[in-house]
There are 2 protein chains.
Amino acid sequence: MSDARANSRAGDAAPQSIWTRPVRGSRGPVPAYSRDAIAAAGIALADADGIAAVSMRAVATALGTSAGSLYRYLSSRDDLLELMTDRAIGELRPHPSGGDDWLAGILLLARRQLALYGRHPWLLDLLPRTSAAGPESLAWFDTCLRILEPVDCATAAKFEAIAMTTGVVSLFARRRAGSSSFALTGVDLTAHPHLAAALRRPVGGPPRADLFDRTLRILLTGLLADEGPDHA
Amino acid sequence: MSDARANSRAGDAAPQSIWTRPVRGSRGPVPAYSRDAIAAAGIALADADGIAAVSMRAVATALGTSAGSLYRYLSSRDDLLELMTDRAIGELRPHPSGGDDWLAGILLLARRQLALYGRHPWLLDLLPRTSAAGPESLAWFDTCLRILEPVDCATAAKFEAIAMTTGVVSLFARRRAGSSSFALTGVDLTAHPHLAAALRRPVGGPPRADLFDRTLRILLTGLLADEGPDHA
DNA sequence: CTAAACTGCAAACATCGTTCGCGGTTTTAT
DNA sequence: ATAAAACCGCGAACGATGTTTGCAGTTTAG
């Protein structure tokens, strides 16, 4: 009987997202900074020194204002991160039109996404945490669906395929960004015979330059092409 | 000519990892807490309230000591997170022995890993950040290699297959843990016709209960079985 | 036995995200 | 036109965080 801040109250509370929040009020002076400029400042800091360098004070200083002032535009630091995420995804424009070969189209999208991760490695940390998809994310998703339009399968399967594709892209991006290698110094290898044997063996040539395309091709044909038009 | 703290100095500096750091010195009193107890306290906090609840003070209070005292065991909070990660991976023991069917063996490992992610969702944030693999991670990797032993392909291909498998497992775990759905309230769907059409359509039955096995089977057979014994 | 090395602890430091109150500015309502 | 309301920028402050430091007590090496 207490706790009146539950949902479905008279003053319908918005979901507290940046995208539902009005860009500016209709009463006061015009804001000095745009959302895009704020996001760009955060992205510049993240590109230079990692996501940990993106503090409210650092972004505010880069913009020429103070930390408290940023809360006129954002309700939290997470809002800033979502702004940065969506602006980075906006760099994927212009979206390819895609021809009749849907697999080639998705592969092109995947390569663009991989390049984006290369330019902004911090996206690997932010993308899985986005609570509400921003406008650029929605547009990108719409493009994915458009390219998959000739595929005749259930809608849920397309969603799964898109999610799995972006996931696999992030896996490749992470391996490229991170050190990816083990730090085996001072490890007792006698207790791990198979690992020791694998390391004793020569690595075996370059690591298959086309592994990215190969993996996605395998995955997508297996997930989409093998299916009949079941379920609507 | 300043900055004498470069590498390769006379007092050979260890790589500053938890696993190379000695558990205890040989001079003072016996430490009051074990590494395992510290990791367990952190895991309990992370299981209960997420990784953000794992602060030095919180872990210290749970153990009955103070924050500063923890730095007798760890050199940073990241060390604590690596301790937690490796202890959680230790929950995968006992490792299955694996029969002659390597695909079934890897699938069993993958299911165990997925269940582990379900028990400890914070592992999704920590595992991709581990800088040096701990002993339990190494043992697990050795088991993966043992199960892949009958596969006749390059060592690098096995490494890639293992990495991709654990990656795909994390993707499924993330979809299970996160809300995964879009927050489409208040979005202008007219600008995204394909997304609007996909949402208008019925979802199309349950989301394929065997998608996990199917995906991994497709991926592993495509990555390993199709290859000849090239490269050593 | 002495000195070195180690432990636990409390206090302090710098930084972080966030809140609050102020004066000034723009719009709405009367 | 005038007053009230809503908004902006700003600086100071609050609580919490990771980490460092100095001190007293304890154990081992030489």
Considering heavy-atom distances to DNA chain D, does A:A67 or A:A32 have its closest nucleotide positioned more toward the 5' end?
A:A32
Under the side-chain contact (heavy atoms from CB on, under 4.5 Å) rule, what do A:L109 and A:W140 come out as? Steps first, then yes or no, please.
CA-CA 9 Å; A:L109 293 185; A:W140 177 258; 3.4 Å; yes
B:L74 CG to D:dT20 C1', straight-line distance once rounded to whole Å:
15 Å
At under 4.0 Å, does any side-chain N or O of A:S69 touch on OP1 or OP2 of D:dG11?
no
Base, sugar-phosphate, or nothing for B:P31, non-hydrogen atoms under 4.0 angstrom?
sugar-phosphate
When the distance from CG of B:L70 to C1' of C:dA10 is rounded to whole Å, what number comes out?
14 Å
Criterion salt bridge (charged side-chain N to carboxylate O under 4.0 Å, His left out) on A:D36 and A:R87, from CA distance to verdict:
CA-CA 7 Å; A:D36 206 64; A:R87 189 185 199 271; 3.0 Å; yes
Classify A:G68 by what it touches in the nucleic acid, base, sugar-phosphate, or nothing, heavy-atom distance under 4.0 Å.
base
Value in whole Å for how far the C1' atom of C:dT18 lies from CD of A:Q16
15 Å
With the side chain defined as heavy atoms from C-beta on, B:P29 is closest, among C:dT26, D:dG18, D:dT26, to D:dT26
Which is more 5' along DNA chain C, the nucleotide nearest B:Y33 or the one nearest B:R57? Just name the residue.
B:Y33
Starting from C1' on C:dG8, measure out to CZ on B:R24 and report it in whole angstrom.
14 Å
Rounded to whole Å, how long is the line connecting atom CG of B:L81 with atom C1' of D:dT17?
14 Å
A:L80 atom CG is separated from C:dG17 atom C1', nearest whole Å, by 12 Å
Pair B:E136, B:R93 - check side-chain contact (heavy atoms from CB on, under 4.5 Å), show working.
CA-CA 9 Å; B:E136 292 295 335; B:R93 287 187 185 270; 2.8 Å; yes
Would one find a side-chain N or O of B:Y71 under 4.0 angstrom from OP1 or OP2 of C:dG8?
no
Would the base of D:dA29 count as contacting B:R27 through its side chain, where contact means a donor and an acceptor less than 3.5 Å apart?
no
Heavy-atom nearest nucleotide on DNA chain C taken for B:T65 and for B:S26; more 5' hit belongs to B:S26
OP1 or OP2 of D:dG18 versus the side-chain N and O atoms of B:R77: is any pair under 4.0 Å?
yes
Any non-hydrogen side-chain atom of A:M56 less than 4.5 Å from a side-chain atom of A:Y71?
yes
Rounded to the nearest Å, what distance is computed from the CE atom of residue B:M56 to the P atom of nucleotide C:dA12?
22 Å
Using a strict threshold of under 4.0 Å (side-chain N to carboxylate O), is an ion pair present between B:D78 and B:R129?
no
Hey, does A:R72 reach any base, or is it just sugar-phosphate, or nothing, if we go heavy atoms under 4.0 Å?
base
Could you check how far CG of B:D78 sits from P of D:dT19, rounded to whole Å?
7 Å
So, does B:S66 get its side chain near the phosphate of C:dG8, meaning an N or O under 4.0 Å from OP1 or OP2?
no
